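None of the values given here were measured: they were computed from a predicted structure. In the text below, chain A, chain B and the rest are named by the order of the sequence lines, each starting its count at 1.
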Amino acid sequence: MPYKTEFLMLRKRIMENDFLRMNDRQRQAVFHTEGPLLILAGAGSGKTTVLVNRFANIVKYGRAYQSTRVPMLSDDDMNAMRAAANGTASEQEYSHAVSLCAVDPVPAWRILAITFTNKAAGELKERLSLMLGSEQAREAQASTFHSFCAQILRRYGDRLGYSNRFTIYDTDDSRRLMKQCLQTLNINERLLSHKAALSEIGRAKDNLLSPDEYKSQAGKDFRLQQIAKAYSLYQRRLMEADAMDFDDLLYMTVRLFTKEPDVLESYQNRFRYIMVDEYQDTNHVQYRFVKMLSEGWGNLCVVGDDDQSIYKFRGATIENILNFETEFNNCRVIRLEQNYRSTQNILDAANSVISKNENRKGKVLWTNNKKGDKIQVNSVINEEDEGRFIADTIQDGVAANRRYSDFAVLYRTNAQSNAIERALVKSGIPYRIIGGHRFFDNLEIRDAMAYLRLINNPGDNVALRRIINQPKRGIGEATVDKAMRIADGIGASLYDVILNADNYADISRASVKLKHFTDMIENLRKMNQDKNVSLHLLYTTMLEITGYLAMWEQAGESEAGRVENLNELASSIIDYEKNSPEQPDLAGFLEETALMTDIDNYDAGTDSTVLMTMHAAKGLEFPVVFLPGFEEGIFPGMQTILQPEELEEDRRLCYVAITRAKEKLYIIHSQRRMLYGTTKRNLPSRFLADIPQCLKDIHDPSFLSSGISPSQYEGEYYQIRYKKPDRTSTFNIRENAGGGISAANFAQKRSTSTTTASHWKPGDIVCHKVFGNGKILASSPMGNDTLLEISFEKVGTKKIMANYAHLTKA
DNA sequence: AGCAAAATGATTTTT
DNA sequence: TCATTTTGCT
């Protein structure tokens, strides 16, 4: 045999031996390193294992498996190869053989692995460090979309007009800011809720539309025009506050890449291989981001499962994964369909449910595991009965040698947890609820964080407004609103305005109080500059001198938890100081917490049953799973029943839920259920009917769950049941009685105010509420508004936005 | 400015 | 039903 052929053969054998624990398909995915690759990884098919091994393969062997390149070889070399292939090599020989095999191996820092959660990124790093050693793993760029983008923007954000210490606004901050914007714009929340505005703006950012682009797309549609105005103001205020919201992190990064090709190029060059986890959950910007980055080397590997796409409501588009093959030429597709988790019966049930969906790639899971028990379907009388059934079953299981932690209860909505919790408490079953509200969402923690954010970035208006009167300092909303208007007028931050409150007639009445507040903050800011002051000292001092801690301490026994939480935050600051890889500072701490969630610290260690939503359970597995609330109107939910696309999403969610179970699955539906104060009677879920009879073991005193044909779920029966007019009509009455401005009225109001704005001309003498009389020197249109330069009699020349200054002709 | 009473409106939520 | 937000009043 010519040595070249033998070498190639030996190389394959050595590499394959190195990844023996995987099945054929998994190994194909590991070795296919060049070009675009789509891995369709079914539930429980060892996706993370593949990702980690693929990473290791690239570091160790590079593109060797797909290459026919052969190095110059001596006899000693060939002997080492043979020994390595036969498993008889010494350690030295083996590593020599590996180095002969490798073709362009790549250091870990040239590989990018993107996940959605910190938890997934952490897991990946952990498993990489087991495989490659901690040094290599530390270098690896394994991060979430958001943290990776934040990293890029901290470096190059100045090119978009942000500082390198910009603040990251979370959803709550965004909501507050949007509310303020709508108020400024005089947009009634009834006509455009802050929620609707934000979700529309989120969609705009997802489509890479700037406020101006959005505006020109809006055309004459009144509502869209309102949204365009809100978008442009919202974005302006974010920029003035040196802040970005979650969507901005991606949107701005893609804009940066477009605007500054050298930046894009440097990242393209760096990352020779890119892997994206949970690709079915990506949205449009994320797709663009990944596509741009991968255009350098073209080595993009995405892993996902179209059947587990359950985050459409957050902007995920299943099309990204469905169209991957057509978007990326010469794409290789590998399906991982062998499941290592569940029994055959559970998989069959999952397969039969998901097969009812139209919009999917198609995949059939199989397993070598045994058939196992049938799916147990239980009908109960009400939610109390449901809880009792779960509790009893867990106790029976524990009596038969199961652990509490073997059981999980997965529900559709958080509201369902109450009844179950009560039952578990009654039976003395230890349990934990995952999700719900997070530590960092607690009011007192958010307040404390707002103080820290303000110290870090005094331009952070949202933080400032949050705590300026917390504890009560006699600074009311009216004062803050006035100050905000002044700030808008002169293009300064709210903080700057109250810092010089004396200078503004409108708020001078409160100037002593405001001065007291800013003095406090200024002192804290000085402390923060001082390198000898540790972060936790800054924090505890802040709690002291602001009186924030004292406020809760005086609030009595019922608020003791808040004081505890504030102390807990101190320990997490100390934790950060201990573990921070760099010099710990305030900005670093805020960065870390902004992108952190504490669903991350679910540990399977303690022996308690877990309760969580089906969404939160994605990626987890449990020996025994309960799925309560399998009823029409709950799951699928009322809103989804009439929308085919939504229904498909709920069906995918059902698939995710079923495939969490390893051994035993209980599905429960209740005849009656108390929801939002009224008792409803719901039919069993159509998803139950999707599971073939032969897989079900039905425990049902009545006839209801024993196989209803899908046709019975459509039509009038439901119209009557769910569209009963009581609530709807009262809602209408309420709205009419509410005294809101009619759409026509509202339109008129707006248009008059905007037209007057443009009427101001240089030379006009005007009166400003704050600054008094003055003469307009110049006027220039800016966005939707007009920038006026006015020479005031009392305060000199100021630049003012016409729409926000309440000017009158003098 | 600050409080109590009344109204409102409710999936899911990786960042 | 229940938590949050707006309102109406002092």
Side-chain angles (χ1 to χ4, degrees), chain A residues 114-122 143-150 168-172 174-175 179 189-190 193-195 199 202 244-250 277-278 280-283 285-286 308-316 383 410-416 418-419 435-438 440-441 443 469 472-480 509-510 513 591 593-600 602 612-619 629 633-641 646 649-650 652-654 656-657 673-679 727-728 730-731 733-735 737-740:
Chain A
I114 305 182
T115 61
F116 272 85
T117 61
N118 297 309
K119 186 182 163 209
S143 34
T144 63
F145 272 106
H146 294 265
S147 65
F148 183 48
C149 286
I168 297 172
Y169 275 7
D170 69 11
T171 15
D172 184 70
S174 305
R175 268 179 41 207
K179 277 188 177 171
E189 281 257 344
R190 279 171 218 268
S193 69
H194 63 274
K195 264 182 155 177
S199 84
M244 293 195 205
D245 67 16
F246 283 142
D247 296 328
D248 278 339
L249 293 177
L250 274 137
D277 194 14
E278 305 281 15
Q280 77 282 349
D281 291 335
T282 51
N283 61 22
V285 219
Q286 286 162 343
Q308 292 189 68
S309 161
I310 53 174
Y311 284 103
K312 186 180 163 218
F313 66 94
R314 278 189 102 285
E383 69 270 20
L410 312 180
Y411 33 78
R412 179 66 237 263
T413 65
N414 286 119
Q416 290 171 255
N418 284 325
H437 68 266
R438 310 167 309 169
F440 279 86
D441 283 342
L443 180 131
N469 203 28
K472 297 269 178 299
R473 302 188 172 98
I475 305 169
E477 220 167 323
T479 309
V480 179
R509 205 153 37 102
K513 294 169 187 164
E591 167 91 25
T593 48
L595 297 176
M596 206 194 74
T597 50
D598 49 9
I599 198 163
D600 298 357
Y602 158 70
M612 67 181 106
T613 63
M614 295 171 180
H615 281 90
K618 196 171 82 165
I634 305 281
F635 189 46
M638 278 203 268
Q639 302 92 323
T640 63
I641 279 175
E646 295 292 313
E649 175 126 329
D650 259 10
R652 288 192 291 270
L653 186 57
C654 182
V656 168
R673 183 179 298 274
M674 175 93 108
L675 193 65
Y676 302 137
T678 46
T679 304
R727 266 192 77 86
T728 328
T730 47
F731 176 77
I733 291 161
R734 267 189 207 160
E735 188 150 293

Participant: Where the side chain of A:D281 is concerned, which of B:dT15, C:dT1, B:dT14 is the nearest nucleotide?
Facilitator: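 Ranking B:dT15, C:dT1, B:dT14 by closest atom to the A:D281 side chain puts B:dT14 first.
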Participant: Is A:L653 close to A:R412 at the side-chain level, that is, under 4.5 Å between some pair of heavy atoms?
Facilitator: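 Yes; the side chains approach each other to less than 4.5 Å.
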Participant: Round to the nearest Å and state the distance from A:K195 atom NZ to C:dT4 atom P.
Facilitator: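 About 13 Å, once rounded to whole Å.
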Participant: Taking 4.0 Å as the cut-off, does a side-chain nitrogen or oxygen of A:T479 come that near to OP1 or OP2 on B:dA1?
Facilitator: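 Checking B:dA1 against A:T479, a side-chain N or O does come within under 4.0 Å of OP1 or OP2.
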Participant: Verify the stacking flag for A:F313 against B:dT12: centroid separation must be under 5.5 angstrom and the ring planes must differ by under 30 degrees.
Facilitator: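 Stacked: ring centres under 5.5 Å, planes under 30°.
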Participant: Think A:N414 has a side-chain N or O under 4.0 angstrom from the OP1 or OP2 of B:dT11?
Facilitator: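 No, because none of the side-chain N or O atoms of A:N414 sits under 4.0 Å from OP1 or OP2 of B:dT11.
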Participant: Any donor-acceptor pair, under 3.5 Å, between the side chain of A:R314 and the base of B:dT15, if you only look at N and O atoms?
Facilitator: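 Pair found.
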Participant: Is the shortest side-chain heavy-atom distance between A:I634 and A:L675 below 4.5 Å?
Facilitator: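 A:I634 vs A:L675: side chains touch.
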Participant: May I have the distance from A:N283 (atom CG) to B:dT13 (atom C1'), rounded to whole angstrom?
Facilitator: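 Taking CG of A:N283 and C1' of B:dT13, I get 14 Å after rounding.
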Participant: Does A:T115 form a side-chain contact (heavy atoms from CB on, under 4.5 Å) with A:E278? I'd like the steps, not just the answer.
Facilitator: CA-CA 7 Å; A:T115 61; A:E278 305 281 15; over 6 Å; no
Participant: Could you check how far NZ of A:K312 sits from C1' of B:dT13, rounded to whole Å?
Facilitator: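 A:K312 atom NZ is separated from B:dT13 atom C1' by 16 Å.
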Participant: Please state whether the phosphate of B:dT11, meaning OP1 or OP2, lies under 4.0 angstrom from any side-chain nitrogen or oxygen of A:Y676.
Facilitator: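 So the side-chain polar atoms of A:Y676 do come within 4.0 Å of the phosphate oxygens OP1 or OP2 of B:dT11, strictly under.
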Participant: C:dT5 C1' sits how many Å from A:D172 CG, rounded?
Facilitator: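 In whole Å, C:dT5 C1' lies 13 Å from A:D172 CG.
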Participant: Would you call A:I475 and A:V480 a side-chain contact if the rule is heavy atoms closer than 4.5 Å?
Facilitator: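 Yes, their side chains come closer than 4.5 Å.
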Participant: For A:L249 and for A:G677, find the nucleotide of DNA chain B with the closest heavy atom, then tell me which residue's nucleotide is more 5'.
Facilitator: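 Closer to the 5' end of DNA chain B: A:G677.
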Participant: Pair A:E383, A:M674 - check side-chain contact (heavy atoms from CB on, under 4.5 Å), show working.
Facilitator: CA-CA 7 Å; A:E383 69 270 20; A:M674 175 93 108; 3.1 Å; yes
Participant: Does a side-chain N-to-carboxylate-O contact under 4.0 Å join A:D281 and A:R314?
Facilitator: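 A:R314 and A:D281: not salt-bridged.
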Participant: Looking across every strand, which nucleic acid part, if any, lies under 4.0 Å from A:Y311 by heavy atom: base, sugar-phosphate, or nothing?
Facilitator: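 Result for A:Y311 = base.
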Participant: Return the minimal non-hydrogen interatomic distance between A:A150 and A:L595, and the atom names on each side.
Facilitator: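 So the two residues come closest at CB-CD1, 4.1 Å.
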Participant: Atom CZ of A:R412 and atom P of B:dT13: how far apart are they, to the nearest Å?
Facilitator: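 Nearest whole value for this atom pair: 8 Å.
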Participant: Given side chains that start at C-beta, do those of A:V656 and A:I310 come closer than 4.5 Å, heavy atoms only?
Facilitator: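 In contact.
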Participant: Mind checking ring pair (Phe, Tyr, Trp, His ring centres under 6.0 Å) for A:Y311 and listing every partner two or more places apart, or none if nothing turns up?
Facilitator: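 Ring pair (Phe, Tyr, Trp, His ring centres under 6.0 Å) list for A:Y311, sorted by chain: A:F313, A:H615.
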Participant: Any protein N or O atoms within reach of nucleotides 2-4 of chain B? Criterion: under 3.5 Å, listing atom names and distances.
Facilitator:
unit_1 : atom_1 : unit_2 : atom_2 : d
B:dG2  : OP2    : A:N469 : ND2    : 3.1

Participant: Expressed as a whole number of angstroms, how long is the span from A:L675:CG to C:dC2:P?
Facilitator: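 Answer to the nearest Å: 12 Å.
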Participant: With heavy-atom distances below 4.5 Å as the criterion, would you say the side chains of A:H146 and A:Q286 are in contact?
Facilitator: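 Yes, their side chains come closer than 4.5 Å.
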Participant: Mind checking A:R175 for me? I need base, sugar-phosphate or nothing, with any heavy atom below 4.0 Å counting as a touch.
Facilitator: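 The answer is sugar-phosphate, as A:R175 gets under 4.0 Å only of primed atoms, P, OP1 or OP2.
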Participant: Based on Watson-Crick and G-U pairs with both distances under 3.5 Å, what dot-bracket line describes DNA chain B 5' to 3', crossing pairs as [ ] and inter-strand pairs as |?
Facilitator: ||||||||||.....
Participant: Scan A:A478 against the nucleic acid and name what it touches under 4.0 Å (heavy atoms): base, sugar-phosphate only, or nothing.
Facilitator: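 Sugar-phosphate contact only.
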Participant: Nearest-Å distance, CD (A:E477) to C1' (B:dA1)?
Facilitator: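 From A:E477 CD to B:dA1 C1': 10 Å.
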Participant: Could you state the atom-to-atom distance from CE of A:M674 to P of C:dC2 in whole Å?
Facilitator: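 The distance from CE of A:M674 to P of C:dC2 comes to 8 Å, rounded to the nearest Å.
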Participant: Give a yes/no answer on whether the side chain of A:T413 brings an N or O atom under 4.0 Å of OP1 or OP2 in B:dA10.
Facilitator: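 Result: no.
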